[in-house]
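Notes follow the structure.
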Amino acid sequence: MSGPVTDIDVQLLHETDRAVLVTLDVPENGVWLPKSQVEIEESGIEGIMTVTLPEWLALDKGLI
């Protein structure tokens with residue numbers, strides 16, 4: 001990843017070979033993120049993942 005990145009705690013709703021569906025709150029507000037643009041790790045809190053992604057993508061998807 002080049003440029004500024006951000007870490008966001010999300011709930012992982014669904015995963016495919018190429019993308020992940022995540023939400024900050026309710027499943028109806030889920031957004032798809034391409035795996036090629038993000039890194040995903042367990043946060044240490046059950047059911048919550050930490051996603052690292054470029055700031056521009058987080059802004060574009062409404063995550064920040």
Side-chain angles (χ1 to χ4, degrees):
M1 281 179 244
S2 63
V5 297
T6 189
D7 293 332
I8 301 173
D9 289 337
V10 298
Q11 179 183 2
L12 180 65
L13 300 173
H14 188 72
E15 184 173 359
T16 69
D17 290 340
R18 295 181 155 189
V20 290
L21 179 62
V22 301
T23 186
L24 294 174
D25 44 35
V26 294
E28 292 79 17
N29 294 338
V31 295
W32 286 98
L33 301 173
K35 285 185 176 178
S36 63
Q37 296 288 322
V38 303
E39 295 177 8
I40 303 168
E41 299 178 345
E42 292 194 25
S43 70
I45 301 170
E46 187 175 340
I48 302 296
M49 305 296 281
T50 299
V51 62
T52 302
L53 68 164
E55 280 187 9
W56 67 263
L57 181 58
L59 284 167
D60 183 60
K61 297 294 185 172
L63 296 172
I64 57 173

### Task
Could you go through the side chain to side chain contact (heavy atoms under 4.5 Å, CB included) check for E42 and M49 one step at a time?
CA-CA 5 Å; E42 292 194 25; M49 305 296 281; 3.9 Å; yes
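- Between G30 and L21, the shortest heavy-atom contact is C-CD1, 3.7 Å.
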### Message
Using side chain to side chain contact (heavy atoms under 4.5 Å, CB included), reason through V10 and L24 one step at a time and then give a plain yes or no.
### Response
CA-CA 5 Å; V10 298; L24 294 174; 3.9 Å; yes
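- With sequence neighbours left out, the salt bridge (charged side-chain N to carboxylate O under 4.0 Å, His left out) criterion links K35 to E15.
- Between the side chains of D9 and T50, a donor-acceptor pair is found at a separation under 3.5 Å.
- If you take CG on N29 and NZ on K61, they are separated by 13.5 Å, rounding to the nearest 0.5 Å.
- No chain of hydrophobic side-chain contacts below 4.5 Å, direct or via other Ile, Leu, Val, Met, Phe, Trp or Tyr residues, connects V22 to I48.
- Taking every heavy atom of both residues into account, A58 and T6 meet most closely at CB-CG2, 3.9 Å.
- To the nearest 0.5 angstrom, L13 atom CG is 5.5 Å from T23 atom OG1.
- Of all non-hydrogen atoms in L57 and Q37, the two that sit nearest each other are CD2-CB, 3.7 Å.
- You'll find the side chain of W32 reaches within 4.5 Å of the side chain of T16, heavy atoms only.
- Between Q11 atom CD and I45 atom CD1 the span is 12.5 Å, to the nearest 0.5 Å.
- Under the side-chain contact (heavy atoms from CB on, under 4.5 Å) test applied with I8, the options L53, T52, V38 reduce to a single match, L53.
- The line from CG of L63 to CG of L33 is 6.0 Å long, rounded to the nearest 0.5 Å.
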